[in-house]
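Numbers here simply count residues along the sequence, with the first being 1.
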Amino acid sequence: MEYTRLGRTGLLVSRICLGTMNFGWQIGEAESHAILDRAHADGVNFVDTANMYGRETGDGLSEQFIGRWFGKTGHRDRIVLATKVYAPMTDWPNDGGLSARHIIAACEASLRRLRTDWIDLYQMHHVQRDTPWEEIWQAMETLVVQGKVRYAGSSNFAGWHLARAQAAADRRNFLGLVSEQCKYNLLTRHVELEVLPAAIELGIGILPYSPLHFGALSGALRKQREGAAGRSVLHAPERVEPHRAAIEGYEKLCADIGEEPTAVALAWLLSRPGVTAPVIGPRTPGQLDLPLTALRTELSAETLARLDELFPPVGNGGPGPEAWAW
């Protein structure tokens with residue numbers, strides 16, 4: 001396993017992050033524990049969840065599954081544990097968002113579900129424009145001082161949100177954001193305009209989620225031809241059909257270089273500036289095989305250029321304002 005620093009911190013995390021959104025929603029507890037066992041055995045030390053995962057069938061089932069796995073295995077000290085706050089957990093008015101009240105209450109609830117004394121990375125699941133940053137950072141500082149949180153991160157922030165959040169943290173002499181979890185893959189490259197440049201400048205590590213675009217980049221067309229799509233390609237028609245020509249070229253490129261599409265998509269992300277670790281969401285232990293292979297997959301300059309042809313960056317390429325200006 002390869003490890004790298006999380007943003008500008010001294011914390012070492014695996015270059016593959018195990019995402020657990022499927023826990024409780026797509027798979028049960030036994031299957032979830034089997035995936036955690038396999039990831040741990042392969043050296044994956046970075047596990048990402050959220051209080052809302054599994055919410056439809058119970059109260060934060062993903063966190064509960066992880067907590068019971070910690071109790072069963074005793075592996076808590078080996079895991080860099082990330083969870084999130086923002087989504088409403090009930091229909092009461094103060095049970096969601098980023099108020100100081102909700103941040104602290106949600107953290108306490110996550111700690112109980114996760115059966116742990118601390119969260120390594122506490123991420124804001126979305127920006128809340130009408131809550132002052134002074135209030136947000138006051139709550140995060142309280143949790144850090146209490147030893148319940150080690151680092152703060154964000155998810156689904158725009159570039160200017162990262163800048164404003166960090167400026168507010170700097171005024172308080174607080175570490176501020178160390179990571180941004182955003183949707184980023186070959187088919188979704190909008191974050192290259194401003195989010196990535198801002199994160200790199202501020203020392204904020206990028207954690208791409210949906211690295212396979214809901215399975216569209218995992219060999220979806222080949223699986224359809226083989227009659228093996230099923231659950232392996234989530235929402236295949238609406239995810240694949242708008243990009244069929246590019247995906248056909250992509251799968252041909254992967255076949256020509258002798259690599260699996262999943263490994264190529266992840267290797268491309270791992271090669272991108274500012275990326276710490278793609279967040280993957282396997283539904284079986286075996287679905288960890290290709291992501292781990294991606295760590296050993298080197299893409300040539302010619303292959304990278306061809307990927308840019310198939311999946312061109314937004315605008316004229318590069319960060320803003322060059323992407324849209326002279």
Side-chain angles (χ1 to χ4, degrees), residues 1-22 35-50 66 75-84 119-121 123 150-151 153-155 177-189 191-192 195-196 199-200 202-213 215 217-218 254 257 259-301 303-304 307:
M1 178 54 60
E2 297 178 15
Y3 300 91
T4 190
R5 307 286 179 185
L6 178 61
R8 65 190 181 283
T9 76
L11 185 68
L12 287 171
V13 296
S14 51
R15 293 223 67 197
I16 293 294
C17 177
L18 177 64
T20 63
M21 189 174 73
N22 291 322
I35 291 169
L36 287 163
D37 287 339
R38 167 69 191 281
H40 176 265
D42 285 322
V44 175
N45 76 335
F46 198 7
V47 175
D48 174 76
T49 187
I66 295 169
H75 289 334
R76 175 63 188 96
D77 287 342
R78 296 187 173 191
I79 299 299
V80 175
L81 177 62
T83 192
K84 307 181 190 76
I119 294 163
D120 293 291
L121 178 63
Q123 303 160 104
R150 299 292 187 262
Y151 302 93
S154 62
S155 182
L177 297 173
V178 304
S179 66
E180 158 61 17
Q181 190 172 151
C182 52
K183 187 176 182 180
Y184 186 27
N185 56 55
L186 281 163
L187 280 164
T188 308
R189 299 181 61 170
V191 294
E192 294 174 349
V195 174
L196 263 64
I200 291 169
L202 297 169
I204 297 171
I206 293 292
L207 308 175
Y209 71 80
S210 191
L212 303 178
H213 199 73
L217 296 167
S218 67
C254 294
I257 64 175
E259 300 287 355
E260 284 292 325
T262 293
V264 172
L266 292 170
W268 179 82
L269 277 173
L270 289 164
S271 76
R272 303 302 295 168
V275 169
T276 297
V279 182
I280 62 167
R283 290 186 295 276
T284 67
Q287 288 183 352
L288 280 164
D289 291 342
L290 290 176
L292 294 172
T293 299
L295 296 171
R296 304 185 297 274
T297 302
E298 294 189 11
L299 304 178
S300 68
T303 297
L304 292 171
L307 289 172

Nearest atoms (heavy-atom pairs only) where V264 meets I257: CG2-CD1, 4.2 Å
With a 3.5 Å distance limit and no angle check, can you tell me whether T188 reaches the backbone of N185 through a side-chain donor-acceptor pair? no
With rounding to the nearest 0.5 Å, note down the distance linking OH in Y184 to CG in L269. 6.5 Å
Are the side chains of L202 and L177 in touch, meaning some heavy atoms are under 4.5 Å apart? no
Looking only at atom types and distance, does a side-chain atom of R76 sit under 3.5 Å from a main-chain N or O of I79, one as donor and one as acceptor? yes
Note: A294 and A263 closest approach over all heavy atoms is CB-O, 3.5 Å
Any side-chain heavy-atom pair of I204 and R8 under 4.5 Å: yes
Test your reading of the model: is there a side-chain donor-acceptor pair from S179 to the backbone of I206, 3.5 Å cut-off? no
Shortest non-hydrogen contact from G281 toward N22: O-ND2, 2.7 Å
State, yes or no, whether a side-chain contact exists between D289 and R38 at a heavy-atom distance under 4.5 Å. yes
When rounded to the nearest 0.5 angstrom, what is the spacing between CD1 in I280 and CD1 in I16? 5.5 Å
Side-chain donor/acceptor of D120 to backbone N/O of F46, under 3.5 Å: no
Calculate, to the nearest 0.5 Å, the distance between atoms CG and OG1 belonging to L266 and T297 respectively. 9.0 Å
Compare every heavy atom of N45 with every heavy atom of S14, then report the nearest pair and how far apart it is. N-OD1, 2.7 Å
Are there over 12 heavy-atom neighbours, none belonging to R78, within less than 6.0 Å of that residue's CZ? no
From L290 atom CG to S218 atom OG, the distance as rounded to the nearest 0.5 Å: 9.0 Å
Sort out for me which residue in C17, S154, S155 forms a side-chain contact (heavy atoms from CB on, under 4.5 Å) with Q181. S155
Decide yes or no for L207 and Q123: does some side-chain heavy atom of the first lie under 4.5 Å from some side-chain heavy atom of the second? yes
Compare every heavy atom of A277 with every heavy atom of P208, then report the nearest pair and how far apart it is. CD-O, 3.3 Å
Gap separating the CD1 atom of I66 from the OG1 atom of T20, nearest 0.5 angstrom: 4.0 Å
Less than 4.5 Å apart, side chain to side chain, heavy atoms only: is that true for K183 and V191? no
Closest heavy-atom contact between R15 and V275? NH2-O, 2.9 Å
Roughly how far, to the nearest 0.5 Å, is CZ of R272 from CG of L196? 7.5 Å
